[in-house]
Amino acid sequence: MYLNLHFITFSLSLRWEEERYTDGSKWRFLEHKGPVFAPPYEPLPDNVRFFYDGKAMKLSESAEEVATFFAKMLDHEYTTKDIFRKNFFKDWRKEMTSEEKSKITDLNKCNFREMSEYFKAQTEARKQMTKEEKLKIKEENERIVQEYGFCLMDNHKERIGNFRIEPPGLFRGRGDHPKMGMLKRRIRPEDIIINCSKDSKHPKPPPGTRWKEVRHDNKVTWLVSWTENIQGSIKYIMLNPSSRIKGEKDWQKYETARQLKKCVERIRAQYHEDWKSKEMRIRQRAVALYFIDKLALRAGNEKEEGETADTVGCCSLRVEHIKLYPELDGQDYVVEFDFLGKDSIRYYNKIPVEKRVFKNLQLFMESKQPEDDLFDRLNTSILNKHLQELMEGLTAKVFRTYNASITLQQQLKQLTSPEENAPAKILSYNRANRAVNLTKKSMQNLQTKIDAKKQQLSAAKKELKSAKVDAKTMHDEKSRKALETKKKAVARLSDQLMKLEVQATDREENKQIALGTSKLNYLDPRISVAWCKKWGVGIEKIYNKTQREKFAWAIDMADEDFEF
DNA sequence: AACTGAACTTAGAAGAGAACGG
DNA sequence: CCGTTCTCTTCTAAGTTCAGTT
């Protein structure tokens, strides 16, 4: 019932939008209950001890809390990394009393084992709870969601995406992040800015506290914000993807991509021309745009050095990230890319390019150091300004959306045969989906794992051989035992290798992650909806519940002859 | 044009829950 | 039925874009 209501008003609001919100306002009425704060720290029982230099030591509450953050991560690779340990220890010391500070001077002498065991036991106990106990917790959670998980925006009850404030903990950056291990501090009501409409019932801060600010800004979509202490950036509480405001935005995004479809050939012709320009900046712009279009590279903003992991996108590529081969494996003008992109995911690719692109790249690299920018006359704002002139609303990321969506549509047309049955149809859909393949990431990672495993295996085999020799010559208990261990190691490793190889051949499986991302963010859902309607395939075969909620606008809107 | 901050989208990791196989 | 595996959900980091300021 709620869903129906939702649809009706949603389509109405589409019709209204132009009249009603031309001033850039996002809503008229907004009411919510504010955020849910992280539960307060519960001190450890006395039998769970911390040891320093072999001796038990009772920590002050604030030092203990931070210690538990580390203890909870003890099994994680992070805690072995130097930067993580250094950052953690520095921030931990800030939470210590002066006495603790003078005693605890070396992280290597800290023993968090009992704490770690205690938390593991707790997790285990939670798993072992009876059905009734679990149900009780579930109901309590449900109650919180009912109270805090929804808001009222312009006469609609909408789900909120993240209504819980991020709990304190240790910062986990991705890749080689210089700030990993730093203490993410606890957020208090005094840090919180509330956004709601004046005429709404304002959320109340917890007893005895106050909000930092209550504002009424209807030019933005967020309900709650605070400033995070690691990077100093602002965090927001916003609505769920199923909400009207997010759905409209998503729809708009795909409409822009469809606009691009109409003029992409013109734009391509233009950048081909620009490869010949007299001006360096125009050539660089044209080559970068070619990469973005052809390889689905991200725009690549410049980043502050030392604040984040060293990753790049198109505009921020450096000379060291590409290699030029006038000829390679029988192909002419091959460019090899090797760099870390978003989330420090490695991008590795070899592609043949037009001679003109190749010559341009040679020119851009001339008399530069490896760490110099490849496109020294270009950045994302220059590029996007140019794109804006080529088409209203065009930015670098539209190319990813456009290319992913158009490929899905083409592949679906090509791969679906009318006579095949329902399961075969779904297989065709998955194949089409797979063809989109924005990134070779998971394959790449798997191959690295396989290579590593092969190496381990051959090393283990060598050891086994020498152990065999030892056992034969010595005939003693010790060498016989050693032989057994080696045998087991080889068996284990070859088992693991086999598993990995099976995974690798199972294409379905290992592109799942990249697939999920493109399904959620790059593929116009109306293409899939239309396909389902055309072939009588249930939409739930393609989209799970969450996805159907997010794409409700498309399910409602697209009929079987929708064309991207 | 360069810089900065704000707002919003995109992303993988981790945790929770459902399904599967012995 | 229970442990394992697969799938979905949640969490929050890491991008892009845009607007305002110098």
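Letters A, B, ... are given to chains in the order of the sequence lines, protein chains preceding strands, and every chain is numbered from 1.
The distance between atom CD1 of A/I165 and atom P of C/dT12, rounded to the nearest whole Å, is 10 Å. Between the CG atom of A/D343 and the C1' atom of B/dT10 there is a distance of 9 Å, given to the nearest Å. In this structure, A/F163 places its CZ atom 15 Å from P of C/dT9, rounding to the nearest Å. Summarising the geometry, the separation between CZ on A/R126 and C1' on B/dA14 is reported as 14 Å, rounded to the nearest angstrom. The CG atom of A/L520 sits 13 Å away from the C1' atom of C/dT10 (whole-angstrom rounding). Atom CG of A/L340 and atom C1' of B/dA11 are 15 Å apart (whole Å). Atom NZ of A/K26 is separated from atom P of B/dA6 by 16 Å (rounded to the nearest Å). For A/D217 and B/dC8, the CG to C1' distance is 14 Å, given to the nearest whole Å.
Just one of A/R185, A/K184, A/R172 meets the salt bridge (charged side-chain N to carboxylate O under 4.0 Å, His left out) condition when paired with A/E166; it is A/K184.
Between the side chain of A/H177 and the backbone N or O of A/E307, at least one donor-acceptor pair lies under 3.5 Å. The backbone N or O of A/R164 lies less than 3.5 Å from no partner atom in the side chain of A/N162, so there is not a single donor-acceptor pair.
Side chains of A/P525 and A/Y254 form a contact here, defined as non-hydrogen atoms less than 4.5 Å apart.
Relative to the side chain of A/N544, the nucleotides C/dT9, C/dT12, C/dA14 differ in distance, and C/dT9 lies closest. The side chain of A/W222 lies closest to B/dA7 when the candidates are C/dA13, B/dA7, C/dT17. Side-chain proximity of A/I234 to the nucleotides B/dA6, C/dC18, C/dT12 is greatest for B/dA6. Of the candidates B/dA7, B/dG12, C/dT16, B/dA7 carries the atom nearest the A/V220 side chain, counting heavy atoms from C-beta on. Here the side chain of A/T395 is nearest to one of B/dA7, B/dT9, C/dC18, namely C/dC18. Here the side chain of A/K545 is nearest to one of C/dG15, B/dA7, C/dT9, namely C/dT9. With C/dT12, C/dT17, C/dG15 as the candidates, the nucleotide lying closest to the side chain of A/K235 is C/dT12. Distance from the side chain of A/K246 is smallest for B/dT9 among the nucleotides C/dT9, C/dA14, B/dT9. Among the nucleotides C/dT17, C/dC11, C/dA14, the one closest to any side-chain atom of A/K342 is C/dA14. Closest approach to the A/R164 side chain among C/dC11, B/dA7, C/dT10 is made by C/dC11 (side chain taken as heavy atoms from C-beta onward).
Here A/K184 reaches the OP1 or OP2 of C/dA13: one of its side-chain N or O atoms lies under 4.0 Å away. Between A/K253 and B/dT10 there is a side-chain polar atom (N or O) within less than 4.0 angstrom of OP1 or OP2. Regarding contacts with the backbone of C/dT16, a side-chain N or O of A/N301 is found under 4.0 angstrom from either OP1 or OP2. For the pair A/K397 and C/dT17, the criterion of a side-chain N or O lying under 4.0 Å from OP1 or OP2 is not met. Note on A/H76: a side-chain N or O is less than 4.0 Å away from OP1 or OP2 of B/dA14. Distances shown here put every side-chain N or O of A/S381 at or beyond 4.0 Å from the OP1 or OP2 atom of C/dT17. At the phosphate of B/dA11, OP1 or OP2 sits under 4.0 Å from a side-chain N or O atom of A/R400. The phosphate of B/dA11 has OP1 or OP2 within less than 4.0 Å of a side-chain N or O from A/Y522. Phosphate proximity of B/dA14 to A/R172: present, with a side-chain N or O under 4.0 Å from OP1 or OP2.
Both A/R298 and A/S225 sit near DNA chain B, but only A/S225 has its closest nucleotide nearer the 5' end. Place A/H177 and A/V398 on DNA chain C by their nearest nucleotides, and A/H177 ends up nearer the 5' end. Place A/R174 and A/L394 on DNA chain C by their nearest nucleotides, and A/R174 ends up nearer the 5' end. Between A/N379 and A/T221, the residue anchored nearer the 5' end of DNA chain B, judged by the nucleotide with its closest heavy atom, is A/N379.
Within 4.0 Å of A/S233, counting heavy atoms only, lies no atom of the nucleic acid at all. At the heavy-atom level, A/Y236 lies under 4.0 Å from base atoms of the strands shown. Backbone-only engagement by A/P167 is indicated by non-hydrogen atom pairs under 4.0 Å involving sugar-phosphate atoms exclusively. Across all strands, A/G300 comes closer than 4.0 Å only to sugar-phosphate atoms, never to a base (heavy-atom distances). If you check every strand for non-hydrogen atoms under 4.0 Å, A/G313 touches nothing. Within the nucleic acid shown, A/A309 has no heavy atom closer than 4.0 Å to any nucleic acid atom.
Under the 30°/60° scheme for interplanar angles, the aromatic rings of A/Y347 and A/F339 are found to lie parallel.
Under 3.5 Å, the side chain of A/K249 and the base of B/dT9 form no donor-acceptor pair of N or O atoms.
Ring-centre distance between A/F551 and A/Y543: below the 6.0 Å cut-off.
Inspection of the A/Y429 and A/S528 side chains reveals an N or O donor paired with an N or O acceptor under 3.5 Å.
One finds a salt bridge joining A/R526 and A/E255 here, because a Lys/Arg side-chain nitrogen approaches an Asp/Glu carboxylate oxygen to under 4.0 Å.
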